[in-house]
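What follows is a short report on a single structure.
By convention here, the first residue in the shown sequence is residue 1.
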Amino acid sequence: MAKLALTVAALARKVRTAAAEVGASVSFSTVRSIVSKLDLGMTVLAHQGAARYRDA
């Protein structure tokens with residue numbers, strides 16, 4: 001079963017919470033920039049598994 005991808009906004013909220021726990025801060029634009037640079041193949045692997053990755 002495929003995992004549902006988080007929206008960038010939802011991911012940014014999670015990152016912001018984790019960063020706050022260690023006294024850091026992260027902006028939405030930073031998270032969006034990092035997400036936009038992720039390799040599509042690795043995203044498919046993470047969300048849909050190895051079989052789908054091989055087929056892509």
Side-chain angles (χ1 to χ4, degrees):
M1 176 171 220
K3 297 178 189 175
L4 294 178
L6 290 176
T7 63
V8 175
L11 181 59
R13 285 190 294 272
K14 287 183 172 240
V15 169
R16 207 173 292 142
T17 299
E21 290 177 3
V22 296
S25 66
V26 178
S27 69
F28 175 84
S29 61
T30 300
V31 174
R32 184 181 60 215
S33 175
I34 292 168
V35 168
S36 72
K37 294 175 185 171
L38 291 174
D39 178 71
L40 181 59
M42 292 296 106
T43 304
V44 168
L45 179 62
H47 291 283
Q48 299 178 14
R52 177 71 171 114
Y53 177 74
R54 280 190 302 273
D55 295 341

Under 3.5 Å, which donor-acceptor pairs do the side chains of residues 16-27 form with other protein atoms, sequence neighbours left out?
residue: Thr17; atom: OG1; partner: Arg13; partner atom: O; Å: 3.0
residue: Ser27; atom: OG; partner: Ser29; partner atom: OG; Å: 3.1
residue: Ser27; atom: OG; partner: Thr30; partner atom: N; Å: 3.2
residue: Ser27; atom: OG; partner: Thr30; partner atom: OG1; Å: 2.9

Residues 39-46 side chain polar contacts: donor-acceptor under 3.5 Å, at least two apart:
residue: Asp39; atom: OD2; partner: Gly41; partner atom: N; Å: 3.1
residue: Asp39; atom: OD2; partner: Met42; partner atom: N; Å: 3.1
residue: Thr43; atom: OG1; partner: Asp39; partner atom: O; Å: 3.1

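The two residues Ala12 and Phe28 have their closest heavy-atom pair at CB-CD1, 3.7 Å. When all heavy atoms of Ser36 and Ser33 are compared, the closest pair comes out as OG-O, 2.8 Å.
Placement of Leu6 and Val31 within a single hydrophobic cluster is found when ILVMFWY residues are connected by side-chain heavy-atom separations under 4.5 Å, directly or transitively.
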